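No experiment lies behind these values; they were computed from the predicted model shown. First the proteins, then the strands, lettered A, B, ... as listed; each starts at 1.
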Protein chains: 2
Amino acid sequence: MKLQRRNSKQRELIYETIHSNKVHPTALEVYERLKKEMPSLSLGNLYRNIAILLEEGRIQGGEFGSGIVRYDAVTDSHYHFVCERCGTVSDFAMPAQNRITAAARRYSPHRIAGHTIRFYGVCADCAAGEPVK
Amino acid sequence: MKLQRRNSKQRELIYETIHSNKVHPTALEVYERLKKEMPSLSLGNLYRNIAILLEEGRIQGGEFGSGIVRYDAVTDSHYHFVCERCGTVSDFAMPAQNRITAAARRYSPHRIAGHTIRFYGVCADCAAGEPVK
DNA sequence: TTACTTGCAAAGATTTTGCATCTGT
DNA sequence: ACAGATGCAAAATCTTTGCAAGTAA
């Protein structure tokens with residue numbers, strides 16, 4: 001039988017922090033940020049709630065070259081851009097290319113449900129000579 | 001000044017293992033596999049050599065949902081397919097969609113160098129009712 | 001020889017878990 | 001009250017590093 005979720009201040013704060021954060025924070029970054037407004041929050045509980053949010057599909061996780069997983073509130077499908085110089089990850093406002101999934105089905109024996117695209121290069125700030133970090 | 005690399009049996013074995021492995025192994029999987037033919041290999045050295053191979057661009061790393069980095073020998077650019085049921089990662093024989101990078105440039109202020117696409121769904125084996133694990 | 005490599009062990013960093021306690025419903 | 005949630009600390013995983021010894025060039 002399925003687990004009955006109940007309201008949790010911690011979980012909502014965690015979600016809000018990820019949701020309102022443009023930079024796709026790591027678990028520890030979320031923890032640092034939340035420590036201020038909820039000093040009692042434990043790391044173990046943070047990870048537990050991140051797992052729940054992932055399972056519920058409210059957030060998604062991804063690794064973008066650093067080896068550490070970064071989280072992203074799921075609003076609608078979108079792509080990502082990763083700066084190879086400073087490592088920042090940003091959302092990409094390009095509409096989903098549904099034709100790509102359709103095209104892919106012609107090349108594969110697998111049952112393809114969808115796709116994600118990650119663009120990489122140098123972000124505008126870095127290109128403008130901004131501080132590398 | 002740049003480091004002068006020299007031949008290393010270990011490094012080549014590690015590369016070969018990743019190169020000849022269709023399943024995009026994790027570092028520990030490479031280690032397990034190599035333990036047989038080179039019992040003296042140490043984990044620390046494995047990681048060191050993986051870092052070197054990455055730096056040299058001979059392999060690439062990526063996380064595909066499990067949170068653990070998987071490695072892939074770089075031959076030419078290609079996409080990936082990730083089975084959401086059994087977690088296997090396979091190469092995708094679809095030609096690179098260069099137009100996607102071109103289209104993306106119109107949506108972004110960043111300097112876009114390229115892209116990667118990851119398709120997801122259920123692999124042929126799982127779809128055929130194969131054992132889930 | 002010189003400088004890169006290696007194995008080993010210790011240390012780091014990140015994530016997961018057991019358990020007693022607390023809390024939403 | 002009951003079942004899920006929390007904090008804490010210990011443990012498990014995965015990765016990095018220091019160091020003395022080994023080895024390609």
Side-chain angles (χ1 to χ4, degrees), chain A residues 1-18 21 23-56 58-72 87 89, chain B residues 1-18 21 23-56 58-72 87 89:
Chain A
M1 65 173 192
K2 201 154 171 300
L3 211 61
Q4 180 57 46
R5 298 284 173 215
R6 55 174 69 153
N7 285 341
S8 151
K9 183 85 180 291
Q10 285 83 342
R11 184 144 64 237
E12 288 316 308
L13 268 177
I14 290 166
Y15 174 75
E16 282 309 317
T17 299
I18 294 173
N21 193 316
V23 307
H24 302 69
T26 63
L28 293 179
E29 283 167 359
V30 171
Y31 184 63
E32 284 308 311
R33 190 158 312 205
L34 282 181
K35 261 302 186 184
K36 295 167 191 161
E37 46 182 312
M38 184 180 269
S40 69
L41 179 68
S42 66
L43 244 187
N45 196 34
L46 172 68
Y47 279 108
R48 261 186 302 238
N49 276 306
I50 281 179
I52 290 171
L53 290 170
L54 282 171
E55 173 193 314
E56 293 178 340
R58 297 177 66 193
I59 64 174
Q60 59 186 10
E63 186 271 343
F64 296 84
S66 66
I68 305 172
V69 180
R70 292 181 168 280
Y71 301 97
D72 188 7
V89 178
Chain B
M1 66 178 190
K2 201 155 173 297
L3 213 60
Q4 181 56 47
R5 298 284 173 214
R6 57 175 67 154
N7 285 342
S8 150
K9 183 86 180 290
Q10 286 84 341
R11 185 144 63 237
E12 288 316 308
L13 267 177
I14 290 166
Y15 174 75
E16 281 311 318
T17 301
I18 294 173
N21 192 313
V23 307
H24 300 69
T26 63
L28 293 179
E29 283 167 359
V30 171
Y31 185 62
E32 284 308 310
R33 190 158 309 206
L34 282 182
K35 261 301 185 184
K36 295 167 191 160
E37 45 183 310
M38 182 179 270
S40 70
L41 179 68
S42 66
L43 245 188
N45 197 35
L46 173 68
Y47 278 108
R48 261 185 302 238
N49 277 307
I50 282 179
I52 290 172
L53 291 170
L54 283 171
E55 175 193 310
E56 294 178 339
R58 297 177 66 192
I59 63 174
Q60 61 185 10
E63 186 272 344
F64 296 83
S66 65
I68 306 171
V69 180
R70 293 182 166 280
Y71 301 96
D72 188 7
V89 178

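Distance CD1 (Ile50(A)) to P (dA5(D)): 15 Å, rounded to an integer number of Å. The distance between atom CG of Leu13(A) and atom C1' of dG7(D), rounded to the nearest whole Å, is 16 Å. If you measure from atom CG of Asn49(B) to atom C1' of dT15(D), you get 14 Å, rounded to the nearest angstrom. Atom CD in Glu63(B) sits roughly 13 Å away from atom C1' in dC14(D) (whole-Å rounding). As a whole-Å value, the separation of Arg70(A) CZ from dT14(C) C1' is 14 Å.
Within residues 24-35 of chain A, no residue has any heavy atom closer than 4.0 Å to DNA chain D.
A heavy-atom distance below 4.5 Å is not found between the side chains of Val30(B) and Tyr71(B). Side-chain contact between Leu43(B) and Leu28(B) is present, with heavy atoms from C-beta onward closer than 4.5 Å.
With hydrogens and angles ignored, the 3.5 Å screen pairs no side-chain donor or acceptor of Arg33(A) with any backbone N or O of Ile18(A).
For the helix from dT1(C)-dA25(D) to dT25(C)-dA1(D), the angle separating the two terminal helix axes comes to 40°, with each axis derived from five pairs and the value rounded to 10°.
When distances run from any side-chain atom of Ile68(B) to the nucleotides dT15(C), dC14(D), dG7(C), the shortest one goes to dC14(D).
Atom-to-atom distance recorded for Glu16(A):CD and Leu34(A):CG is 10.5 Å, nearest 0.5 angstrom. Taking OG1 of Thr17(A) as the reference point, atom CD of Glu29(A) lies at 12.0 Å (rounded to 0.5 Å). Taken to the nearest 0.5 Å, the CD1 atom of Ile14(A) stands 5.5 Å off from the CG atom of Leu41(A). For the atom pair CG (Asn45(B)) and CE (Met38(B)), the distance works out to 9.0 Å, reported to the nearest 0.5 Å. A distance of 6.0 Å separates CD of Gln10(A) from OG of Ser40(A), quoted to the nearest 0.5 Å.
At the phosphate of dT6(C), OP1 or OP2 sits under 4.0 Å from a side-chain N or O atom of Gln10(B). Considering only side-chain N and O atoms, Ser40(A) lies under 4.0 angstrom from the phosphate OP1 or OP2 of dG7(D).
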Protein-proximity profile, nucleotides 16-25 of chain D, B/S/- by nucleotide at the 4.0 Å heavy-atom cutoff, equals BBBB---BBS
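Of all non-hydrogen atoms in Ile50(B) and Ile59(B), the two that sit nearest each other are O-CD1, 3.9 Å. Closest heavy-atom contact between Arg5(A) and Glu56(A): CG-OE2, 3.6 Å.
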Going through the checks in order, is the side chain to side chain contact (heavy atoms under 4.5 Å, CB included) test met by Leu53(A) and Arg11(A)?
CA-CA 8 Å; Leu53(A) 290 170; Arg11(A) 184 144 64 237; 4.0 Å; yes
